[in-house]
Amino acid sequence: MIQESYNKISTWYNAYVSEFSSEDSEIQINIDLIKEHASRVLENVQELGASINLDESNSLLLKTCAFLHDIGRFEQLVKNGSYADNDESNHIQIGLDVIEEHEILDVLNENEKQLIIDCVKLHDISVLPKIEDEQSLALIHLLRDADRIDVLRVVSEYYTHKKIYPNRHLDMELIDKPGFSKKISKAILDEKIAKCDDVENVNDLKLSQMSWIFDLNHKRSFKMISEKGYIKAIFETLPKNDDVIDMYRNMKIFMENRL
Ligand SMILES: [Fe+2]
Ligand SMILES: [Fe+2]
């Protein structure tokens, strides 16, 4: 990818997102959160890319993926008043439709286009399918780490200050009740990422987000998460019982061994 193509796509993106605003302050707060998330993911991919000496062309592709990956969230939020994905509304499909409809990637060659589409498509999937193409796999891994690092920033700050600034969208409209799923705790004790289908309440959501550490791909990602204390901050907001403490200890040791 060349700089000129990157500039064209990023100029389009800035114009597109500037059109989204809402008189509903709750929706506006979430529009701003999505914008900020895209900027932070952009920063994260640059840090991760630099840590592995990613070449210029792939860096530009990855930066494009960073600001396009959640582009469907804007339309989803404004149209549905929610960004909970379900059968009728999914931010990835909306994003792919926006990209196609606006012919944003037409300045790129077929291979570049496909790489970006694959990254958008797979950035949020729980378990990646087998990807043969090395370049594609490398970019997807970098984007997924960068995305998750920033979601952990957003949610750890949110859970810490939730009593003062509740945001039902960040709770994914789940009930905040005691207890957690046994399947999620088993996954964490087995050092595996929790399944979205097993998330039934806010504690499950927090634990499933913490379990992303078992699916990180880069050494620098562990360093970034560990230095910022995101996992510890989420743990502090969970009820303290032996099971939760065991899970946290497991995650802490797993991270320390990868620094
Ligand atoms: Fe996403
Ligand atoms: Fe994201």
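Since this is a predicted model, take the numbers as computed values, not measurements.
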Looking at K121, H37, H91, which one forms a side-chain hydrogen bond (donor to acceptor under 3.5 Å, both in side chains) with H69?
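So the option named by the test is H37.
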Applying side-chain hydrogen bond (donor to acceptor under 3.5 Å, both in side chains) between K162 and each of T237, D176, N167, report the one that passes.
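For K162, the side-chain hydrogen bond (donor to acceptor under 3.5 Å, both in side chains) check succeeds only for D176.
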For [X], is the [atom1] atom crowded, meaning more than 12 foreign heavy atoms sit under 6.0 Å from it?
{"X": "K183", "atom1": "NZ", "value": "no"}
{"X": "R249", "atom1": "CZ", "value": "no"}
{"X": "K113", "atom1": "NZ", "value": "yes"}
{"X": "Q3", "atom1": "CD", "value": "yes"}
{"X": "E100", "atom1": "CD", "value": "no"}
{"X": "E4", "atom1": "CD", "value": "no"}
{"X": "K240", "atom1": "NZ", "value": "yes"}
{"X": "D190", "atom1": "CG", "value": "yes"}

NZ/NE/NH1/NH2 to OD/OE distance under 4.0 Å, K195 and D204
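No, K195 and D204 are not salt-bridged.
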Taking the basic N atoms (NZ, or NE/NH1/NH2) and the acidic carboxylate oxygens, is any pair closer than 4.0 Å for D171 and R168?
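Judged by the 4.0 Å cut-off on N to carboxylate O distance, D171 and R168 do not form a salt bridge.
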Polar side-chain atom of [X] near backbone of [Y] as donor-acceptor pair, under 3.5 Å:
{"X": "D198", "Y": "I184", "result": "no"}
{"X": "D118", "Y": "I140", "result": "no"}
{"X": "D133", "Y": "S136", "result": "yes"}
{"X": "R258", "Y": "F254", "result": "yes"}

Which residue in the set D124, D150, D215 passes salt bridge (Lys or Arg N to Asp or Glu O under 4.0 Å) when paired with R144?
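Per the salt bridge (Lys or Arg N to Asp or Glu O under 4.0 Å) rule, the option paired with R144 is D215, out of D124, D150, D215.
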Aromatic ring pairing H102/W12, orientation class (parallel under 30°, perpendicular over 60°, tilted between)
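If you compare the ring of H102 with that of W12, the planes turn out tilted.
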Taking the ring of Y6 and the ring of F67, is the distance between their centroids below 6.0 Å?
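Under 6.0 Å, so yes.
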For L48 and M224, what are the C-alpha separation, side-chain angles and deciding distance, and is it a side chain to side chain contact (heavy atoms under 4.5 Å, CB included)?
CA-CA 9 Å; L48 292 176; M224 289 162 79; 3.9 Å; yes
Taking the side chain as C-beta and beyond, is there a heavy-atom pair between [X] and [Y] under 4.5 Å?
{"X": "L128", "Y": "H141", "value": "yes"}
{"X": "L152", "Y": "I231", "value": "yes"}
{"X": "L61", "Y": "I116", "value": "yes"}

Looking only at heavy atoms, which two atoms of N201 and P178 are closest? And how far apart?
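Closest approach of N201 to P178: ND2-O, 3.9 Å.
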Quick one: closest heavy-atom pair of V45 and L142, and the distance?
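In terms of heavy atoms, the two residues are closest at CG1-O, 4.5 Å.
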Derivation and outcome, side chain to side chain contact (heavy atoms under 4.5 Å, CB included), residues D246 and N250:
CA-CA 6 Å; D246 271 355; N250 216 39; over 6 Å; no
Side chain to side chain contact (heavy atoms under 4.5 Å, CB included) evaluation trace for Y159 with E236
CA-CA 9 Å; Y159 299 138; E236 298 294 351; over 6 Å; no
Among side-chain atoms of N80 and S89, is any donor-acceptor pair under 3.5 angstrom?
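Per modelled atom types, N80 and S89 side chains form a pair under 3.5 Å.
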What I want to check is whether the side chains of D97 and Q93 have a donor and an acceptor closer together than 3.5 Å.
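Checked: D97/Q93 side chains pair up, N/O donor to acceptor below 3.5 Å.
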Once rounded to the nearest 0.5 Å, what's the spacing between atom CD1 of I71 and atom CD of Q76?
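Result: 13.0 Å between the selected atoms.
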Pair N30, E26 - check side chain to side chain donor-acceptor pair (under 3.5 Å), show working.
CA-CA 7 Å; N30 285 284; E26 189 190 277; 5.4 Å; no
